[in-house]
Amino acid sequence: LPAAASGSFPRVARESNPGGSHIQVGNVRFGDGNFVIIGGPCSVESREQIIATAKAVQAHGALMIRGGAFKPRTSPYAFQGLGWEGAALLAEASRVTGMPTVSEVMTIDQVDRMATQVDMLQIGARNMQNFDLLKAVGRCGHPVLLKRGLSATIEELLSAAEYILSEGNPNVVLCERGIRTYETATRNTLDLSAVPVLRERTHLPVIVDPSHGVGVRRWVPAMCRASKAVGAHGLILEVHPNPPEAKSDKEQALTFEDFAAIMADLATIPLSHSIPQVTA
Ligand SMILES: [Mn+2]
């Protein structure tokens, strides 16, 4: 490890790869001058729902599909996901569209099997400091989308990523998804200032999740454009064929039309991968 990359996350630190890492997930590359859009439902609910959504987001420029199979819900009585059936339907949507997929794993025993079903494993916000799970996805070697915990500092997020890299898996993309503050108007407080801080402190690509960040459909578009302007490498967005009927996170789900409008708007915003430098 380079001498400069000291501290508690030497492998994750920018100094260990100053030019920035490119993370390959199927035919998609993060961190390489692309702005990668991942679109799909909060939860996989049926074959029709996931395939229709995958085709719709692809038609408007998404490069990857998301869909939850195992859902960490606040209430034990809320929809818990279709489990392995949902993962298989997501794999089917990938075969139909050719797009790679991402889905969450909640336990160590799900890791190896989920890696046969999807192209990228998500560690959700509630598991960001589940250190044994981080080690397991590190050993697995499959690309990982690591979401920031609800109450995690940027330093804690970077240390969590270090767990994965320290097990020999360099394929990590970070995700800012909003943190808990005293504000209640939005579901979380989307910390977009985390993007330039992370861009400075780590070589890993950084994407933003405005859907969970604000939790309200009509405020998602503004945060999408802000995310691109602030220098993120991509977005992950929740999209549903009929949001009022969604089994999870219906308040924040975008319609296909909403998604199309956001994609058209984003095309007008330049990539901000080189932000003017000022004296440190
Ligand atoms: Mn969700």
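We count ligands from 1, going down the list as the structure has it; atoms in each ligand are counted the same way.
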Item to check | Test item: side-chain donor near acceptor, Gln80 and Arg73, under 3.5 Å | outcome: no
Checklist entry - Judged by modelled atom types alone, do Arg29 and Gln24 share a side-chain donor-acceptor pair under 3.5 Å? => result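 Note: Arg29 and Gln24 side chains meet the donor-acceptor criterion.
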Next on the checklist: Restricting to N, O or S, what is the name of the atom of Asp249 that lies nearest the Mn ion (ligand 1)?
Outcome noted: OD2
Item to check | Atom of Glu238 nearest the Mn ion (ligand 1) (restricted to N/O/S, atom name only) | outcome: OE2
Item to check | Metal site angle (apex the Mn ion (ligand 1)), SG from Cys42 and NE2 from His212, 10 degrees | outcome: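 It comes to 170°.
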Item to check | Sub-4.5 Å side-chain heavy-atom contact between Asn34 and His233 | outcome: no
Checklist entry - Less than 4.0 Å between a side-chain N and a carboxylate O, is that true for Glu176 and Arg148? => result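 Judged by the 4.0 Å cut-off on N to carboxylate O distance, Arg148 and Glu176 do form a salt bridge.
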